[in-house]
Number of protein chains: 2
Amino acid sequence: MTTAGTHLPTTEDLCRSVLENNRDSISIQKPEFAVRKLALILNAALELSNKKGFQAMSLRDLSRASGVSMGGLYSYFDSKDTLLKMILSEVTGAVEAALGEPPAEVRQTPRDHLLWLIDTHIRLTEAMLPWFTFSLMEAKNFPAAERRQAIDSEELTESYFAEVLARGQQDGSFSADMPPLMAALTKPLLQDWYVKRAKYRRRKVHIDSYIAMVQNIVLAACGAATRTTAEKAESDPA
Amino acid sequence: MTTAGTHLPTTEDLCRSVLENNRDSISIQKPEFAVRKLALILNAALELSNKKGFQAMSLRDLSRASGVSMGGLYSYFDSKDTLLKMILSEVTGAVEAALGEPPAEVRQTPRDHLLWLIDTHIRLTEAMLPWFTFSLMEAKNFPAAERRQAIDSEELTESYFAEVLARGQQDGSFSADMPPLMAALTKPLLQDWYVKRAKYRRRKVHIDSYIAMVQNIVLAACGAATRTTAEKAESDPA
DNA sequence: ACAAATATATCGAGCGCTCGTTCGAAAAAC
DNA sequence: GTTTTTCGAACGAGCGCTCGATATATTTGT
């Protein structure tokens, strides 16, 4: 019921998508070459950036870590800023693809839809962990246009939650005095999973427990019944 | 009851504290000189860093914005890294000072203590907004030692919450099946106030409403009764 | 089937520039 | 007159980025 049926993207999926969306700034002709090297470059870029910050990562660092020469890098982007934009737009695209079209069975009740949104978002961030970490850390530091895109994406995610919460309030699933900013405050709960990933790993918190916990906090705040053990067993058969 | 009686630091308080804690790297002798210029330098540094990122802020930018010459800056810190450390350690110190010693009247019941922690933390971050923004954005990017300090400070804050939640669970104020990571998940709710400060300003959300909302979400998740209107009127007389 | 010719991909030294940092001289304070 | 503070030009290192040369794959001519 709440477990994601949606396809979670692999690194190769993402690189292929990056290639498609940046045909003009990538001068490599053969897709199989491009995708393979893009994976090397992007993986290295994400790792270095998430360790030291994007600004602090020099293209010489990136060249060394990826095994692609300085000149080679510039066959895949025409400026360091373009590299940043590539990654950011891939993340916002993935969120839209994953949350935008919920399966028919969860749309029927606001409660299931809400649980599905939480589950799907957290599993998506887990599958794309370095991408989301990057996006969160670096979105602030850049030009107005890109920043605007990040804010819009942010608000789109929030609107998915706002819509389902409002629908649940109308049909009586959720309490009438649910906080009006509940949608806004759900996001930081989802984000903590990847922002503090190291902490949860250290404490051996499993992703399923984390999802269940966020679902229960949000349900409680909405004035709905929290998830039963039976319900958990059904949706998380592992 | 929950409104902070604790003293919130002003810019001058903070600069004086920075001076005391960095006597060795500050070569200016006369305190009144030092505090005045520190305020110029730190205010400019926070504004520039929070706009473009600390790495992207050059010391020439900082010199121009603060009105202090390049050489003059180096009378107040011996490297750009030291400037970073000054600001970070001031923030962790302020949190400890504010949350470490709750007034006697709130210690009596876990519920009041919890509400006080939420209220005080959010008001502190509001009073030191650029400092906290800086701390959150820049802590990741730096040497092991400083990073360790940031993590410790983070966990100290969480432990204040963990302790009071455990106490409330023991004496029956909070439900027995309260999520075990409730303390961990309270922090992102507190942080959203300064992380997304612009959003809440745009939506005209008052700090009092925000605090009340977080308190209610946490109380609901703890299985405690949410705050009544009467209680609100008492603690937020404005 | 095999060279020659072309197209594609890869390389890394070198460009102009800005960075963090220093230091000796000028100015201000006592 | 001495100490303290302020200044900004100058330095070497490292930055993002370019470009001509080289290596590799594919097509073409016979």
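These numbers come from the heavy atoms of this one structure, side chains and all, not from hydrogens, waters or symmetry mates.
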Practice problem: Determine, stepwise, if the pair D208(B) / R123(B) fulfils salt bridge (charged side-chain N to carboxylate O under 4.0 Å, His left out). | Solution: CA-CA 9 Å; D208(B) 294 331; R123(B) 289 189 200 280; 2.9 Å; yes
Practice problem: For L84(B) and dT21(C), give me the distance from atom CG to atom P, rounded to whole Å. | Solution: 12 Å
Quiz item: Can you tell if the side chain of P31(A) reaches within under 4.5 Å of the side chain of L19(A), non-hydrogen atoms only?
Solution: yes
Practice problem: For M57(B) and dT18(C), give me the distance from atom CE to atom P, rounded to whole Å. | Solution: 18 Å
Quiz prompt | OP1 or OP2 of dA9(C) under 4.0 Å from side-chain N/O of S75(A) | solution = no
Exercise. On DNA chain C, check which nucleotide each of D61(B) and F33(B) is closest to and give me the residue with the more 5' one.
Key: D61(B)
Practice problem: Provide, to the nearest angstrom, the distance between the CD1 atom belonging to I41(B) and the P atom belonging to dC7(D). | Solution: 10 Å
Quiz prompt | Nucleotide dA9(C), atom C1' - distance to NZ of K37(A) in whole Å | solution = 8 Å
Practice problem: Side-chain contact test, heavy atoms from C-beta onward, threshold under 4.5 Å: evaluate it for M182(B) versus M213(A) and give yes or no. | Solution: no
Quiz item: Are K199(A) and E155(B) close enough for a salt bridge, meaning some N to O gap below 4.0 Å?
Solution: no
Using a 3.5 Å cut-off and no angle test, enumerate the donor-acceptor pairs between side-chain atoms of residues 35-54 of chain B and protein atoms at least two apart in sequence or in another chain.
{"from": "N43(B)", "atom 1": "ND2", "to": "A39(B)", "atom 2": "O", "distance (Å)": "3.3"}
{"from": "S49(B)", "atom 1": "OG", "to": "A45(B)", "atom 2": "O", "distance (Å)": "2.9"}
{"from": "N50(B)", "atom 1": "OD1", "to": "F134(B)", "atom 2": "N", "distance (Å)": "3.4"}
{"from": "N50(B)", "atom 1": "ND2", "to": "L46(B)", "atom 2": "O", "distance (Å)": "3.2"}
{"from": "N50(B)", "atom 1": "ND2", "to": "P130(B)", "atom 2": "O", "distance (Å)": "3.1"}
{"from": "K52(B)", "atom 1": "NZ", "to": "D61(B)", "atom 2": "OD2", "distance (Å)": "2.9"}

Exercise. Take R36(B) and F54(A), find for each the nucleotide of DNA chain D with the closest heavy atom, and name the residue whose nucleotide sits nearer the 5' end.
Key: R36(B)
Exercise. Report yes if a side-chain nitrogen or oxygen of K80(A) is closer than 4.0 Å to either non-bridging phosphate oxygen (OP1 or OP2) of dC15(D); otherwise report no.
Key: no
Quiz prompt | Residue whose closest nucleotide on DNA chain C lies nearer the 5' end, E32(B) versus D78(B) | solution = D78(B)
Self-check item: Rounded distance (Å) that lies between atom P of dT6(D) and atom CZ of F77(B)
Solution: 13 Å
Quiz item: Between atom CG in L38(B) and atom P in dT6(D), what is the gap in whole Å?
Solution: 11 Å
Quiz item: Please give, in whole Å, the distance from dT18(C) P to K52(B) NZ?
Solution: 13 Å
Quiz item: Is there a salt bridge (charged side-chain N to carboxylate O under 4.0 Å, His left out) between R203(B) and E158(A) once you walk through the steps?
Solution: CA-CA 14 Å; R203(B) 299 190 191 175; E158(A) 188 181 319; 2.8 Å; yes
Quiz item: Can you tell which of dA9(C), dT5(D), dG20(C) lies closest to the side chain of S58(B)?
Solution: dG20(C)
Quiz item: Does a nitrogen or oxygen in the side chain of Y76(A) sit under 4.0 Å from OP1 or OP2 of dC17(D)?
Solution: no
Practice problem: Decide yes or no for V95(A) and L156(A): does some side-chain heavy atom of the first lie under 4.5 Å from some side-chain heavy atom of the second? | Solution: no
Exercise. Check each residue of residues 62-74 of chain B for a non-hydrogen atom within less than 4.0 Å of any atom in DNA chain C, then write out the ones that pass by number, or none.
Key: M70(B), G71(B), Y74(B)
Quiz item: Taking only N and O in the side chain of K30(B), is any of them less than 4.0 Å away from OP1 or OP2 of dT3(D)?
Solution: no
Practice problem: Nearest whole angstrom, please: distance from the P of dA28(C) to the CD1 of I28(B). | Solution: 16 Å
Quiz item: Looking at the side chain of R60(A), which of dT10(C), dA10(D), dC15(C) is the nearest nucleotide?
Solution: dC15(C)
